[in-house]
Protein chains: 2
Amino acid sequence: MMENSQIPDIAVSRLPVYLQTLNLLLREGTEVVSSQKLADLLGTTATQIRKDLSFFGGFGKQGSGYNVIRLHEALKDILHLNKIWKVALFGMGHLGQALLRYQGLARRGFEIVLAFDVNEAVIGKKINGMTVLNEAHLEQELKKQNVQIAILTVPAKDAQRLADRLVLSGIKAILSYAPITIKAPDNVQISYVEPVLQLQKMTFYLE
Amino acid sequence: MMENSQIPDIAVSRLPVYLQTLNLLLREGTEVVSSQKLADLLGTTATQIRKDLSFFGGFGKQGSGYNVIRLHEALKDILHLNKIWKVALFGMGHLGQALLRYQGLARRGFEIVLAFDVNEAVIGKKINGMTVLNEAHLEQELKKQNVQIAILTVPAKDAQRLADRLVLSGIKAILSYAPITIKAPDNVQISYVEPVLQLQKMTFYLE
DNA sequence: TTTTTAATGTAAAACCTATATACAATATTC
DNA sequence: GAATATTGTATATAGGTTTTACATTAAAAA
């Protein structure tokens, strides 16, 4: 087992992927899985999985493999997923509304507790049972609820200014759909969802 | 300049990010930018940008930097973005519908020309001017229009079977929102949009 | 015009990280 | 009790990133 700081970031990125597949196995009722079987399902290698897991301890049993329930629980612990994380959503355009209606977030422990916009036309409206609040008052709402995670679906030009306010209000992780690099202190996690960039990368290899 | 195959994949991934910032500069009317300025905007280093670009040729001018218009054009060429790519969209749930209404895809050269679902309740309906087609007939429609790119917002359990059919129908790139690993031949590009996994990674570093 | 400054492009080295290989140790199965 | 399967880890290899260095060229200043 190791200090968080010396664990390769990319290994951490793979844990949620492993967790995903374990979820699948769990629902199928599979009780034990080998690193090789897991690797086949994921299109990776058994060694990589074992190496990644070894940063956090030994979870398997020689000769048989990993108990699915136990490894699943272990990964949830490691990733701090044994609690419900409150999430604030910013931007109530088509994408924001789709996210608000998406069940997959709550199902995996990310509960949207606040929804904001700047547009008077949507503020006060109820979407999926949630009243859209005025972004002007985000500070008090975030602090009242002690929210640590924000999802941004606002226009690129507004993202940085919003992020600055969020950081001041105690937000510690931002998932942004805005096509722009956001600057924040090192202790704030930032991650981008950029489907268009992914398409643009793939076209490089086409034709 | 180099063969595609010997260019690091991660360097290719960064080109769309550079392109994004060049777009921004273009709109601002900036004519020339140095690798250092670009690096500051992106939170990376000047050397890395120059190194990445050097795989594809020399685009700058000593003493001044890069002509924004020229570099922008060059990157678009490299990434094969000087054409309109036809895209087929699968799954007309909240997310699929949001994507259909999203202007950013068409604006950057990805035109959704086909929208499919399996649900009788949506098939035949018009969404954002596009008639939803029956997934049962995807083969003929894809071939008729010669579509090479597909976006999947279908349930995880249906993704692999659908992908298999898509590959047989000539699809060469798949962008999947389904939380599952898709297997396909090496000549087919696959990329995943997985906001929940990104959240799950960030929570590792929280608290 | 000459000098100084700024910036690219590339080469080489050093470093870091990820991946693959190998294998001892151990559990399970036959 | 022997054969097989599988983990966990040590070691080697490969690959990417970062740093340093610098020749070259363009622009700005003197």
Side-chain angles (χ1 to χ4, degrees), chain A residues 1-18 21-22 25 30-72 74-75 78 201 204, chain B residues 1-15 17-18 21-22 25 30-75 78 186 201 204-205:
Chain A
M1 249 184 282
M2 285 175 119
E3 272 291 315
N4 275 9
S5 56
Q6 44 189 321
I7 294 167
D9 188 68
I10 197 163
V12 176
S13 310
R14 283 188 290 258
L15 298 188
V17 183
Y18 301 160
T21 301
L22 287 168
L25 293 171
T30 310
E31 284 178 11
V32 172
V33 69
S34 69
S35 53
Q36 187 57 58
K37 179 75 198 308
L38 214 46
D40 291 344
L41 288 170
L42 285 163
T44 176
T45 65
T47 323
Q48 173 147 84
I49 293 174
R50 296 213 301 276
K51 180 91 189 277
D52 284 344
L53 294 179
S54 78
F55 289 120
F56 305 96
F59 307 103
K61 213 192 240 179
Q62 281 116 326
S64 59
Y66 300 89
N67 176 294
V68 174
I69 296 175
R70 276 212 19 234
L71 185 54
H72 183 264
L75 288 182
I78 293 165
K201 180 196 169 182
F204 172 78
Chain B
M1 250 184 283
M2 285 176 121
E3 273 290 316
N4 274 10
S5 55
Q6 44 188 324
I7 294 167
D9 188 67
I10 197 163
V12 176
S13 309
R14 283 189 291 259
L15 297 188
V17 183
Y18 300 160
T21 301
L22 287 167
L25 293 171
T30 311
E31 284 178 10
V32 172
V33 70
S34 68
S35 54
Q36 187 56 59
K37 178 74 198 306
L38 214 45
D40 291 345
L41 288 170
L42 286 163
T44 176
T45 65
T47 324
Q48 172 147 90
I49 293 175
R50 296 212 300 276
K51 180 92 191 279
D52 285 345
L53 294 179
S54 78
F55 289 120
F56 305 96
F59 306 103
K61 212 192 242 178
Q62 282 114 328
S64 59
Y66 299 89
N67 176 293
V68 173
I69 295 175
R70 278 214 16 235
L71 185 55
H72 183 264
E73 274 307 306
L75 287 182
I78 292 166
D186 283 347
K201 180 197 170 182
F204 172 79
Y205 296 103

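All chains are named by letter (A, B, ...) in the order of the sequence lines, taking the proteins before the strands, and each is independently numbered beginning at 1.
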| query | Considering all heavy atoms of both residues, which atom of Thr45(A) and which atom of Ala39(A) are nearest to each other, and what is their separation? | reply | C-CB, 3.4 Å
| message | Counting only heavy atoms and a strict 4.0 angstrom limit, can you tell me which residues of residues 38-50 of chain B come near DNA chain D? | response | Thr47(B), Gln48(B)
| Between residues 61-71 of chain A and DNA chain D, which residues have a heavy-atom gap below 4.0 Å? | Lys61(A), Gln62(A), Gly63(A), Ser64(A), Gly65(A), Tyr66(A)
Only counting residues at least two apart or in another chain, list the ones meeting side-chain contact (heavy atoms from CB on, under 4.5 Å) with [X].
X	value
Gln62(B)	none
Asp9(A)	Ser13(A), Lys201(B), Tyr205(B)
Leu41(A)	Thr21(A), Leu25(A), Lys37(A)

Measure [atom1]/[X] against [atom2]/[N] and give the value in whole Å, please.
X	N	atom1	atom2	value
Lys51(A)	dA18(C)	NZ	P	8 Å
Phe59(B)	dT10(C)	CZ	C1'	14 Å
Arg14(A)	dT17(C)	CZ	C1'	10 Å
Ile7(A)	dA18(C)	CD1	P	11 Å

| field | Pair Val68(B)-Val32(B), side chain to side chain contact (heavy atoms under 4.5 Å, CB included): steps then yes or no | value | CA-CA 5 Å; Val68(B) 173; Val32(B) 172; 5.7 Å; no
| said: Regarding Leu53(B), tell me which of base, sugar-phosphate or nothing describes its non-hydrogen contacts under 4.0 Å with the strands shown. | reply: nothing
| note | Sorted by chain and number, sequence neighbours left out, side-chain hydrogen bond (donor to acceptor under 3.5 Å, both in side chains) with Gln48(B) holds for Thr44(B)
| field | Listed partners of Asp40(A) passing side-chain hydrogen bond (donor to acceptor under 3.5 Å, both in side chains), at least two apart | value | Gln36(A)
| request: Taking atom CZ of Arg70(A) as the centre, report whether more than 12 heavy atoms of other residues, nucleotides or ligands fall under 6.0 Å from it. | output: no
| message | Please identify the 5'-most and 3'-most nucleotides of DNA chain D with any atom under 4.0 angstrom from a heavy atom of chain A. | response | dA5(D) to dT9(D)
| request: Indicate yes or no: at least one non-hydrogen side-chain atom of Phe59(B) is less than 4.5 angstrom from one of Asn67(B). | output: no
| With Arg50(A) via salt bridge (charged side-chain N to carboxylate O under 4.0 Å, His left out) - residues at least two apart | none
| query | Nearest 0.5 Å, what's the OH-OG distance between Tyr66(B) and Ser35(B)? | reply | 5.0 Å
